[in-house]
Amino acid sequence: MTATVYLDHNATAPLRPAARDAMAAALGVTGNASSVHAAGRDARRVIEDARDRVAALAGVDPQRVVFTSGGTEANNLALRGQHTARVLVSAVEHVSVREAVPIPETLPVDGDGIVDLVALDKTLGEIPGVALVAVMLANNETGVIQPINEVSAIVRNHGARLHVDAVQAAGRLPLEAISMAADTLALSAHKIGGPAGVGALVVGDGVVLEPILRGGGQERRRRAGTENVIGIAGFGAAAEVALAELDAADDLRRLRDRAEAALSSTPGVTVFGANVARLANTSCLTMPGVVAETQIMALDLDGVAVSAGAACSSGKVETSHVLTAMGIGAETAGEAIRISVGWDSTDADVDALIAAWRKLYAKLGQRRGQAA
Ligand code: PLP
């Protein structure tokens, strides 16, 4: 049975109708945006229009937006396209940051998942030359929000550069101040209701970026390759709606909190990141004694889609590096699931989640009773 209740927006958000319409319209555009003829100019217009909208979401000038094939490429471009003495990444970064360069140094986080600012200051003080620091704005597994302004002040004090992965924060938090605090900022369309396979790197003035793909001079020589006009059109439309709906965070928080309150009334449930600022849409919690795979499969059978915090690309659930970095033991981390609501979530979805969760808990309780 296909899941009808979709509570996995942090994995990918359902396509927004406006993005679908923009993409359908762009399918009719024939030209290559680099061509000077009228058809080429039509494609260029679609791209520049979308650039304006993505720039508005990030709160920056459009010329700072470089379209990429997604958040992964944006993170790779930021980390591999700049030549710095050393690269420091927080221990809770997405794998596309952690593995973008061969040997990054890891910055520890505390038990709530917040980056250790003292360690950042100390480490930067020991590095001769310009370092590059990557700290995400909001974590994909826990939703925990990093103090980017404080990170930025330390980074700037040491003459280092700051890359911020804002893939999960876009459309959920205002980005203008963050874009100013960062040298580069990564975005991805499919987390905000656009299509997968398109994203952007916002590049600050004064950042010298070497392209990581060699070829044509597209994107002002910062990203070679004929632009994905259809995907970019969808990204632009999704960005516009996501910006307009920023204040819907309160509705999402209400849904998330209702789900979290009901689930955590079960004895022994741990909610990660609950003591610090978190995205309004995300809840990462455990059903004690039940591995995440069992929970996900049981909920799926009841038509509810959630995910294990760490089941990224392979579908295989490995111990979450995020929860591990927060000092959570492997057993507890292995029981963590992530619920993430979004633009199409409703109270009925939350009701279905609560019912499916309670059913599973009761069933396992019965088994526990039989085994005793
Ligand atoms: N950064 C974060 C925080 C993410 O959650 C993701 C996707 O899961 C990415 C980067 C990668 O983005 P994309 O899927 O567009 O490559």
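Residues: numbered from 1 along the sequence shown. Counting starts at 1 for both ligands and their atoms, in listed order.
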Near Asp165, which atoms of ligand 1 are under 4.0 Å from a heavy atom of that residue?
-> 1 (N), 2 (C), 3 (C), 10 (C)

Check ion pair Arg16-Asp344 (N to O, under 4.0 angstrom) = no

Any salt bridge between Glu227 and Arg51, counting N to O under 4.0 Å?
-> no

Heavy-atom contacts with Asn75 under 4.0 Å: which atoms of ligand 1 show up? List them by number with element.
-> 1 (N), 10 (C)

Quick one: which ligand 1 atoms are inside 4.0 Å of a heavy atom on His190?
-> 13 (P), 14 (O), 15 (O)

Checking heavy atoms under 4.0 Å, the part of Glu73 that sits near ligand 1 is neither

So do Thr12 and Tyr6 actually touch side chain to side chain, heavy atoms under 4.5 Å?
-> yes

Can you find an N or O of Asn10 that's nearer than 3.5 Å to an N or O of ligand 1?
-> no

Can you tell if the side chain of Val89 reaches within under 4.5 Å of the side chain of Leu79, non-hydrogen atoms only?
-> yes

Test Arg172 against every option in Leu252, Leu137, Asn10, Leu246 by the side-chain contact (heavy atoms from CB on, under 4.5 Å) rule and name the one that passes.
-> Asn10

Backbone, side chain, both or neither: what part of Val167 comes under 4.0 angstrom of ligand 1, heavy atoms only?
-> side chain

Met136 heavy atoms within 4.0 Å reach ligand 1 at atoms 3 (C)

Tell me, do Asp116 and Leu107 make a side-chain contact under 4.5 Å, heavy atoms counted?
-> no

Atoms of ligand 1 less than 4.0 Å from Ser96 heavy atoms?
-> 10 (C)

Sub-3.5 Å N/O-N/O distance, Gly71 and ligand 1 = yes

Glu48 atom CD: more than 12 heavy-atom contacts under 6.0 Å = yes

Ion pair Arg258/Asp351, N-O distance below 4.0 Å | yes

May I ask you to list the atoms of ligand 1 that are less than 4.0 angstrom from any heavy atom of Gly70?
-> 15 (O)

Contact check, Glu93 vs ligand 1, heavy-atom distance below 4.0 Å = no

